[in-house]
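What's counted below: heavy atoms across the whole structure, side chains too, no hydrogens, waters or symmetry copies. Values in this document were obtained by computation on a predicted structure and should not be read as measured data. Chain letters run A, B, ... following the sequence lines, proteins first and then strands; every chain starts at 1.
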Amino acid sequence: MHIVTWNVNSLKARLPRVQEWISESHPDVLLIQETKLAQDKFPHAEMTELGYESAHFGQGQWNGVAIISRVGLDNVVQNFAPGIEPDGEARIITATCGGIQVSSVYVPNGRSLDHDHYQYKLSWLSRLRAHLDASCKQTDDVVVGGDFNIAPEDRDVYDMKAFADATHVSVPERDALANVCNFGLTDTFRQFNDEDKVFSWWDYRGGAFHKGHGMRIDLLLATPSVAARAKGSVIDRNARKERDSGKPSDHVPVILEVG
DNA sequence: ATGGTGGCTGGGCCA
């Protein structure tokens, strides 16, 4: 089973490329972030045509997360689990697909260390941990995938000097991510890949992709039972290249194969 | 190089 996370940066603008990628790669479960679609604007019919069920948590033209699956899609929960302070934005959706509880998450960017949005980011990650505590056990089959807007280690950014006093690498947010992982989740990409400077996002500006100026901020975290079944994890950097089917997202799909 | 590009829009804001 292939579980994939992909921040598509507007499913409206990206639909032809997403359809093409699905047709070529046939993921079993695709966790989508930044649909930028209102709740009722998700292209369910187009996903059905490709052989997928779909669930969307949308919010006007910003944020928006979705799950599409060809191995079942049940127990859909929008926002954090009941009992957790609900988020005001559409940034997390959870479902059961192929026996695994999967969440598609779009962690707030943070903007800058002194911005209110940074405190929102830390609070959001604290509630993500509470969501896990409330909705599953460490011994369950669970995958949390998405755009975390955090590079877990220094080797996950192109140049630490470029990130002095910046978000995505700061100690408090890395600690907040570690607190989520302390539920019992591991960064599955690192089970299989030890090399430095492998990225899942590159800025649109300044030719960042061609300069290799990126970050690895899109993660697939899994509980031990899923991690034990994992066969590999790859990042499809080809999806960042120009194609006839439209402009690329600034993020690329991250893929986890589970046996 | 305090710029640059892309997506929301319909003038800037956000990433």
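Between A:Thr96 and A:Gln101, the side chains place no donor N or O within less than 3.5 Å of an acceptor N or O (distance only, hydrogens not considered). In this model, a donor atom of one side chain and an acceptor atom of the other lie less than 3.5 Å apart for A:Asp218 and A:His251. Looking only at atom types and distance, the side chain of A:Tyr52 has no donor-acceptor partner in the side chain of A:Glu46 under 3.5 Å away.
Here B:dC8 is the nucleotide among B:dC8, B:dT5, B:dG7 with the atom lying nearest to any side-chain atom of A:Gln61. Of the listed nucleotides (B:dG6, B:dC8, B:dA15), B:dG6 has the atom at the smallest distance from the side chain of A:Arg14. Considering only the side chain of A:His117, B:dA15 comes nearest among B:dC8, B:dA15, B:dT5. Checking B:dT5, B:dG7, B:dA15 against the side-chain heavy atoms of A:Tyr106 singles out B:dA15 as nearest. Side chain of A:Ala13, nearest nucleotide from B:dA15, B:dC8, B:dG6: B:dC8. In this structure, the nucleotide among B:dG7, B:dC8, B:dT5 sitting nearest to the side chain of A:Asn9 is B:dG7.
Atom NZ of A:Lys211 and atom C1' of B:dT5 are 12 Å apart (whole Å). Whole-Å rounding puts the A:Lys121 NZ to B:dC14 C1' distance at 14 Å. When the C1' atom of B:dA15 is taken as reference, atom CG of A:Asn7 falls 9 Å away, rounded to whole Å. For the pair A:Glu89 CD and B:dC13 C1', the interatomic distance rounds to 14 Å; values are reported in whole Å. A straight line from CG of A:Asp250 to P of B:dC14 spans 17 Å, rounded to a whole angstrom. For the pair A:Tyr120 OH and B:dA15 P, the computed distance is 10 Å after rounding to whole Å. Atom P of nucleotide B:dC13 and atom NZ of A:Lys36 are separated by 16 Å, given to the nearest angstrom. Rounded to whole angstrom, the span from the CZ atom of A:Phe209 across to the P atom of B:dG4 amounts to 22 Å.
Spacing between B:dA15 and B:dA1 at atom P, rounded to whole Å, works out to 27 Å. Using atom P as the reference point in both B:dC14 and B:dG10, the two lie 14 Å apart (nearest Å). For the P atoms, the distance linking B:dT2 with B:dG12 amounts to 23 Å, nearest Å.
Considering all non-hydrogen atoms of both residues, A:Arg14 and A:Lys247 come closest at NH1-O, 2.7 Å.
For the pair A:Leu11 and A:Asp203, nearest-nucleotide mapping onto DNA chain B gives the more 5' position to A:Asp203. Nucleotides of DNA chain B nearest to A:Gly206 and A:Trp201 differ in position, and the one nearer the 5' end is that of A:Gly206.
Under 4.0 angstrom from either OP1 or OP2 of B:dC14 there lies at least one side-chain N or O belonging to A:Arg111.
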Fill in: Steps toward side-chain contact (heavy atoms from CB on, under 4.5 Å) verdict (A:Tyr204, A:Asn9)
CA-CA 11 Å; A:Tyr204 282 122; A:Asn9 185 20; 3.0 Å; yes

